[in-house]
Amino acid sequence: MNNYVFPPAAVPSLPIVGSDKRFAVNRIFCVGRNYHAHAVEMGRPVDKATMKPFYFTKTPSTLVESGATVPYPCGTINYHNEMELVVAIGAEGFRLAESDAARMVWGYAAGLDMTRRDLQLVARDQGRPWDLGKDFEKSAICTAIVPVGELGILDKGNINLTVNGATKQNADLSQLIWNIPELLADLSQFYHLQPGDLIYTGTPEGVGPVKPGDCINGHIAGVGDVALTVGEPE
Ligand code: MN
């Protein structure tokens, strides 16, 4: 029983590998420029000694399960792939130490931070928010969550992406500028992390435009394979 004037939206959630339960998604945080070669390709190199990580968010309703076909999005002529390790949070955490990471990570997934690059760059260069470029419908693609188990805190492993079978991104998680413990310690200075939060940890180099009909496949060693087909424009 409730008193809503229309039915509330369903809770966004993801399957869990090896379980018939689902992982209810609370918030989606994304890390910007977290691989040096990608920061360079975006024309904004990172100096870890003098800079801090930064973040943007995607509305949880932007979540799409891996394997979907999504329409080529409206408002863009430069729709880009970004292949990312996703960290799934399973505990509450505020002002964490790096040593708290092990109790915070519930699992991992392979994700795509799909981006309307033209809109993002206009916003960036005009000092405006990135929402039109990043936080749009069906822009957060994600596999089932792999429980952390014996994976522990991931600090290495291949991350790659192909478009129609051609390799576009190929890097290693060891190349993250800010690793998982560092990200959790930093992000939790600004937010009370909660179970169900997802953190897209940033993309390696090799982002680029995709077009209707393209088949995108991403892989993270030990985590999984994400797939997306780009449909016709709406
Ligand atoms: Mn990204």
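Residues take their numbers from the sequence shown, with the count starting at 1. Counting starts at 1 for both ligands and their atoms, following the listed order.
- The N, O or S atom of Glu82 lying closest to the Mn ion (ligand 1) is OE1.
- Taking the six-membered ring for Trp and thresholds of 30 and 60 degrees, Phe94 and His192 have nearly parallel ring planes, at less than 30 degrees apart.
- A distance-only check finds a donor-acceptor pair linking the side chain of Asn34 to the backbone of Thr201 [under 3.5 Å].
- Relative orientation of the Tyr79 and Phe136 rings is perpendicular, given thresholds of 30° and 60° on the angle between their planes.
- Counting just the N/O/S atoms of Asp113, the one with the shortest distance to the Mn ion (ligand 1) is named OD2.
- The main-chain N or O of Asn179 is found under 3.5 Å from a side-chain atom of Glu182 such that the two form a donor-acceptor pair.
- Glu84 contributes OE2 as its N, O or S atom closest to the Mn ion (ligand 1).
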